[in-house]
Protein chains: 2
Amino acid sequence: MKNVFTFVHMFTLAEENYMKAIFHLEHESADEVSTNAIAESMATKPSSVTDMIQKLAEKKLVVYKRYKGAKLTEKGKKIAANVIRKHRLWEVFLVEKLNFHWDEVHEIAEQLEHIQSEELITRLDKFLGSPDFDPHGDPIPDKHGVLKRTEKKLLSEIEKNQKGVCVGVKESSPDFLQYLDKKKISIGTKITVLGKEFFDGSMIIQVGNEQFFISHKIAENLYVQTL
Amino acid sequence: MKNVFTFVHMFTLAEENYMKAIFHLEHESADEVSTNAIAESMATKPSSVTDMIQKLAEKKLVVYKRYKGAKLTEKGKKIAANVIRKHRLWEVFLVEKLNFHWDEVHEIAEQLEHIQSEELITRLDKFLGSPDFDPHGDPIPDKHGVLKRTEKKLLSEIEKNQKGVCVGVKESSPDFLQYLDKKKISIGTKITVLGKEFFDGSMIIQVGNEQFFISHKIAENLYVQTL
DNA sequence: GTTATTTTTTAGTCTTGGCTAAAAATAAAA
DNA sequence: TTTTATTTTTAGCCAAGACTAAAAAATAAC
Ligand SMILES: [Mn+2]
Ligand SMILES: [Mn+2]
Ligand SMILES: [Mn+2]
Ligand SMILES: [Mn+2]
């Protein structure tokens with residue numbers, strides 16, 4: 001296909017998605033990311049991943065050694081962070097301005113994150129009041145690609161009788177988010193751990209006036225800041 | 001490339017751009033659109049156009065007879081109109097909400113028009129107050145792809161001593177729009193034709209308190225409604 | 001320290017959407 | 001009505017980015 005956009009730095013949709021996936025994987029495990037891990041996270045085949053990381057290596061966007069996995073260069077990291085910045089800013093737009101619900105915005109942001117225009121993002125950011133977090137509590141990288149990480153814990157990591165305020169979700173699938181809605185949990189909600197079962201990690205928690213049971217699966221996907 | 005979006009009706013970026021180009025060409029000349037005309041309007045080669053219109057014909061989006069040109073089917077027309085609807089709604093967003101100038105929005109809208117989400121456009125339209133026209137005075141098709149055409153004339157067509165209000169531009173290149181800015185002409189501006197030269201079609205017009213000369217090239221790219 | 005399993009890479013194909021060069025059809029001139 | 005010019009199509013090629021199947025390397029098990 002013909003290159004429709006004429007910008008200085010231009011990466012294809014595929015390239016951007018690979019860099020983004022590697023970025024996320026680097027931050028949730030070792031910094032050498034395996035071919036298989038990338039393939040799984042992108043729902044594609046390892047052979048396709050090998051192809052692409054070799055191309056990205058040519059362009060100095062990742063460092064790659066055969067059989068050793070990939071790792072973003074500074075340049076690659078910046079590009080990835082910028083795509084994530086765009087994704088999260090658009091999510092804020094969709095929720096704050098268009099009144100989408102937080103479980104509906106991800107797919108649309110997956111598309112919007114590839115729109116190429118510095119100026120657009122500068123203005124969108126200002127329009128939104130330069131938000132620091134997206135609707136799922138994820139931090140928005142600044143224009144230099146710097147992502148400040150806050151000290152947050154998984155709900156599953158906090159102890160009995162401790163209190164926390166929900167600051168984000170690890171998973172943001174519609175199913176999970178809708179579960180949280182049902183339980184009246186959203187960003188900013190105060191949660192108290194009333195009981196914790198060692199065997200399966202399940203908990204009894206208090207949210208507002210309600211007390212109820214949650215599984216470990218839930219607790220390990222909710223970020224809180226302890227109070 | 002892999003199909004990232006999973007919608008019912010999905011057309012590629014290239015397909016959408018071809019349908020849009022054919023739509024525009026149908027409305028500015030005969031309804032059989034020539035291969036060369038499409039090629040020129042898309043800055044591509046006639047052989048590429050032939051390829052694509054054959055594919056579009058397979059999918060019943062255009063009717064095509066060898067050496068006879070292409071013509072959108074009802075389905076193709078609807079799809080094209082919807083892309084144009086999206087383009088123009090996004091242009092309104094960029095100008096009204098992000099304070100872009102009217103000469104800066106076209107390229108960005110060329111990208112945004114391909115974002116796939118019915119719901120997004122429904123909400124964007126509502127957010128913008130369901131505008132009828134884009135920043136260049138072009139009508140925005142409704143959600144059924146119906147485009148109501150207003151009775152507007154080119155400034156070049158109106159007579160000496162007639163008055164008109166500017167309702168749109170035919171060209172919307174940055175150069176032309178910046179010329180209009182310099183002359184303080186925008187949508188809604190009242191223009192009086194004080195003189196008209198038959199030889200070259202140039203005019204003397206009045207805009208506010210200023211009187212000045214404009215060439216035929218300018219006059220045939222400005223739409224007005226006579227008062 | 002071999003053997004077996006898993007992971008990763010290579011080789012070869014496919015589709016989309018471009019391109020050029022040549023052939024065929026149509027339109028214009030003579 | 002021929003000849004010439006223009007338009008359109010076909011044929012063949014290329015790059016991106018996917019895939020499958022097979023080979024090679026790295027790990028894990030024995
Ligand atoms: Mn998201
Ligand atoms: Mn998010
Ligand atoms: Mn436009
Ligand atoms: Mn416009």
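Within every chain, numbering begins at 1; the chains are lettered A, B, ... in the order of the sequence lines, protein sequences first and strands thereafter.
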Whole-Å distance separating the CD atom of A:Glu40 from the P atom of C:dT6 = 15 Å

message = If the cut-off is 4.0 Å, is A:Asn36 near the phosphate of C:dT8, judged by side-chain N/O to OP1 or OP2?
response = yes

For A:Lys86, salt bridge (charged side-chain N to carboxylate O under 4.0 Å, His left out) partners two or more places apart = none

remark   = To the nearest angstrom, the CZ-C1' distance between A:Phe11 and D:dG17 comes to 17 Å

remark   = Applying side chain to side chain donor-acceptor pair (under 3.5 Å) to B:Asp200 and not counting sequence neighbours gives B:Ser202

request  = In whole angstrom, give the distance that lies between atom CD of A:Glu32 and atom P of C:dT7.
outcome  = 17 Å

remark   = To the nearest angstrom, the CD-P distance between A:Gln54 and D:dA15 comes to 17 Å

ask   = With no hydrogens and no angle check, is any side-chain donor or acceptor of B:Thr73 less than 3.5 Å from a backbone partner on B:Leu61?
value = yes

query = Listed in order of residue number, which residues of residues 45-53 of chain B have a non-hydrogen atom at under 4.0 Å from DNA chain C?
reply = B:Lys45, B:Ser47, B:Ser48, B:Met52

Please list, pair by pair, any protein nitrogen or oxygen found under 3.5 Å from a nitrogen or oxygen in nucleotides 2-4 of chain C.
none

Contacts of type ring pair (Phe, Tyr, Trp, His ring centres under 6.0 Å), residue A:Tyr18, not counting sequence neighbours = none

key: Those residues of residues 60-71 of chain B lying under 4.0 Å from DNA chain D by at least one heavy atom   = B:Tyr64, B:Arg66, B:Tyr67

task = Flag the pair B:Glu74 and B:Lys77 as a salt bridge only when some basic side-chain nitrogen lies within less than 4.0 angstrom of an acidic carboxylate oxygen.
result = yes

Which residues share a salt bridge (charged side-chain N to carboxylate O under 4.0 Å, His left out) with A:Lys59, sequence neighbours left out = A:Glu15

message = What is the separation between atom CD on B:Glu16 and atom P on C:dT16, rounded to the nearest whole Å?
response = 16 Å

query = Which whole-number value in Å describes the distance from B:Asn17 CG to C:dT16 P?
reply = 17 Å

query = What's the CD-P distance between B:Glu15 and C:dG18, to the nearest Å?
reply = 10 Å

request  = Any pair with a residue in residues 20-43 of chain A that passes ring pair (Phe, Tyr, Trp, His ring centres under 6.0 Å), sequence neighbours left out, goes on the list, sorted by first then second residue, please.
outcome  = A:Phe23-A:His27

query = Residues in ring pair (Phe, Tyr, Trp, His ring centres under 6.0 Å) with B:His106, at least two apart?
reply = B:His87

ask   = Atom CG of B:Leu13 to atom C1' of C:dT15: distance rounded to whole Å?
value = 16 Å

ask   = Could you give all pairs that pass the side-chain hydrogen bond (donor to acceptor under 3.5 Å, both in side chains) test and reach residues 60-72 of chain A, with sequence neighbours left out?
value = A:Gln54-A:Tyr64

Only pairs under 3.5 Å count here: list side-chain donor-acceptor contacts from residues 150-157 of chain A, not counting sequence neighbours, and write none if there are none.
unit_1, atom_1, unit_2, atom_2, d
A:Glu157, OE1, A:Leu154, N, 3.1

task = Just grab all the salt bridge (charged side-chain N to carboxylate O under 4.0 Å, His left out) pairs involving residues 34-51 of chain A, residues at least two apart or on different chains.
result = none

